[in-house]
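For reference, the structure is listed below as structure tokens.
Given the structure is predicted, the values throughout are model-derived calculations rather than measurements.
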Amino acid sequence: MSSTYQVAAIGEMLWDIFPSGPRFGGAPANFACSLANLSGPQTHVSLISAAGNDPLGREAISSLQLHGVDTERVKVLPQPTGKVLIELDQDGRATYEFASDTAWDNLPWSEDLLTFAESLDAVYFGTLGQRDNVSRDTILRFLNATQEQTFRIFDLNLRPPFINDGHILASIEAANVLKLNDEELPILAQLCRITGSDRRILEQLADRFQFRAIALTRGAEGAFLLRGSEWDDRPAAITRIVDTVGAGDAYTAALVMGLLRNDPLSIINEKACTVAEFVCTQAGATPHLPAAITKIRPN
């Protein structure tokens, strides 16, 4: 791989409408912002998505650029910029209500994406961005155009009612890295007809689908990380939670950076958990990460 990694996220970009007001988000956008913040000039981070020709769309693109994300492949479309109403429970856990037929639902394919896909070291995608056939076809076509060695990170990121078994299975087949949380694991295990302990389920998933790595985040319980025959189980630090939005995306950003550098598994999981724990202490999905976190580098 080159000294400067090429990484893209593809899928939704939207505004999270909290009780306290709007904040920019969407899992692929959150991932891209966190990775750009974490890696600095070591990684060129792009977002492939769509925004509306409206004030929220222009502000979204500006926010991405301020985080150091390349927005060249963010399309501006007639449909409105995506929005999601978020409510938080007493523990900071979020529930979501998504606007329909938004710009990111209509992400079109363009031939320049073919060459771009072939240049990537890693690409991140999820399920929500595939709720419409237009964007889903573009995402899957893009994944199929990447090189065999490209890390294709599938973040399950289930958002009811947009859960489709066929889409999940097709995404798993297209991926070689899986990230999911403890609420999603039993859903995926049932879909794949796998039983056993969490560790045994992940081992069976890795074996069946030939994943290069699997990460299981467990909220206050920390995270499991599997790569080949290696395991790392890290408990979470005690954290004052403001909200959990974006924490999993930040974990995945640190995970991808560690995989690209082939860092020791324990270092990857420690860094990823530390980043996610910090995000939980902040309001919104893409807080600025302090130097004490971004400068954590393995020797």
Connected via hydrophobic side-chain network under 4.5 Å: Leu202 and Leu191: yes

Gln65 atom CD, neighbour heavy-atom count above 12 within 6.0 Å: yes

Crowding at CD, Glu221 (>12 non-hydrogen neighbours, <6.0 Å): no

4.5 Å side-chain heavy-atom contact, Met257 and Gln42: yes

Derivation of the side chain to side chain contact (heavy atoms under 4.5 Å, CB included) call for Phe162 and Gln130: CA-CA 9 Å; Phe162 309 110; Gln130 301 182 57; over 6 Å; no

Step-by-step salt bridge (Lys or Arg N to Asp or Glu O under 4.0 Å) determination, Arg212 to Glu148: CA-CA 12 Å; Arg212 297 166 69 179; Glu148 182 179 355; over 6 Å; no

Separation between OG of Ser63 and CH2 of Trp15, rounded to the nearest 0.5 Å: 5.5 Å

Shortest non-hydrogen separation from Gly11 to Ile139 and the atoms involved: CA-CD1, 4.2 Å

Interatomic spacing from OG in Ser266 to CG in Asp233 - rounded to 0.5 Å: 12.0 Å

Hphob cluster co-occupancy, Ile214 + Leu169, side-chain heavy atoms under 4.5 angstrom: yes

Donor-acceptor under 3.5 Å (Thr150 side chain, Ala122 main chain): no

Sidechain-backbone polar pair: Asn53 side chain, Pro78 backbone, donor-acceptor under 3.5 Å: no

Shared hydrophobic cluster, Leu158 / Leu178 (ILVMFWY, side-chain heavy atoms < 4.5 Å): yes

Non-hydrogen side-chain atoms of Leu113 and Ile10 separated by less than 4.5 Å: no

Closest contact, heavy atoms only, Leu226 versus Ala206: CD2-CB, 3.8 Å

Derivation and outcome, side chain to side chain contact (heavy atoms under 4.5 Å, CB included), residues Tyr251 and Asp155: CA-CA 11 Å; Tyr251 177 97; Asp155 186 346; over 6 Å; no

Heavy-atom pair of closest approach, residues Ala50 and Ala103: CB-O, 3.4 Å

Gln6 side chain to Asp121 backbone, donor-acceptor under 3.5 Å: no

Separation between CG of Asn30 and CZ of Phe24, rounded to the nearest 0.5 Å: 7.5 Å

Main-chain N/O of Ala117 paired to Thr146 side chain as donor or acceptor, under 3.5 Å: no

Under 3.5 Å: donor-acceptor pair, side chain of Asn269, backbone of Ala223: yes

4.5 Å side-chain heavy-atom contact, Val256 and Phe151: no

Whether Phe31 and Tyr124 hold their rings parallel, tilted or perpendicular, with breakpoints at 30° and 60°: parallel

Ring-face cation contact, Phe116 with Arg73, 6.0 Å cut, 45° max: yes

Leu128 side chain reached by Phe98 side chain, heavy atoms, under 4.5 Å: yes

Main-chain N/O of Ser100 paired with Asp105 side-chain donor or acceptor, under 3.5 Å: no

Nearest heavy-atom neighbours spanning Ala32 and Val45: O-CG1, 3.6 Å

Backbone N/O of Trp109 and side chain of Thr138: donor-acceptor pair under 3.5 Å: yes

Heavy-atom pair of closest approach, residues Ile168 and Thr127: CG1-CG2, 4.2 Å

Approximate separation, where rounding is to 0.5 Å, of Ile187 CD1 and Leu180 CG: 9.5 Å

Minimum heavy-atom distance between Ala174 and Arg152, given as atom pair plus value: O-NE, 2.9 Å

Heavy-atom side-chain proximity of Glu12 to Pro28 below 4.5 angstrom: yes

Criterion side chain to side chain contact (heavy atoms under 4.5 Å, CB included) on Val69 and Val74, from CA distance to verdict: CA-CA 11 Å; Val69 177; Val74 175; over 6 Å; no

Verdict with supporting geometry, Thr274 and Arg234, side chain to side chain contact (heavy atoms under 4.5 Å, CB included): CA-CA 10 Å; Thr274 299; Arg234 176 180 166 84; 3.9 Å; yes

Common cluster, Val177/Phe154, ILVMFWY with side-chain heavy-atom separation under 4.5 Å: no

Donor-acceptor contact below 3.5 Å, side chain Ser171 vs main chain His167: yes

For Asn106, the option from Asn133, Asp132, Asp101 that meets side-chain hydrogen bond (donor to acceptor under 3.5 Å, both in side chains): Asp101

Any side-chain heavy-atom pair of Glu270 and Asp263 under 4.5 Å: no

Approximate separation, where rounding is to 0.5 Å, of Gln204 CD and Asp207 CG: 8.5 Å

Atom CD of Glu118 with >12 non-hydrogen neighbours under 6.0 angstrom: yes

Test: Arg218 cationic atom under 6.0 Å from Phe224 six-membered ring centre, within 45° of axis: yes

Side-chain heavy-atom pair Ile268, Asp232 within 4.5 angstrom cut-off: no

Common cluster, Leu185/Ile163, ILVMFWY with side-chain heavy-atom separation under 4.5 Å: yes

Heavy-atom check, side chain of Trp104 versus side chain of Arg131, under 4.5 Å: yes

Point-to-point distance, once rounded to the nearest 0.5 Å, from CG of Leu259 to CG of Asn176: 9.5 Å

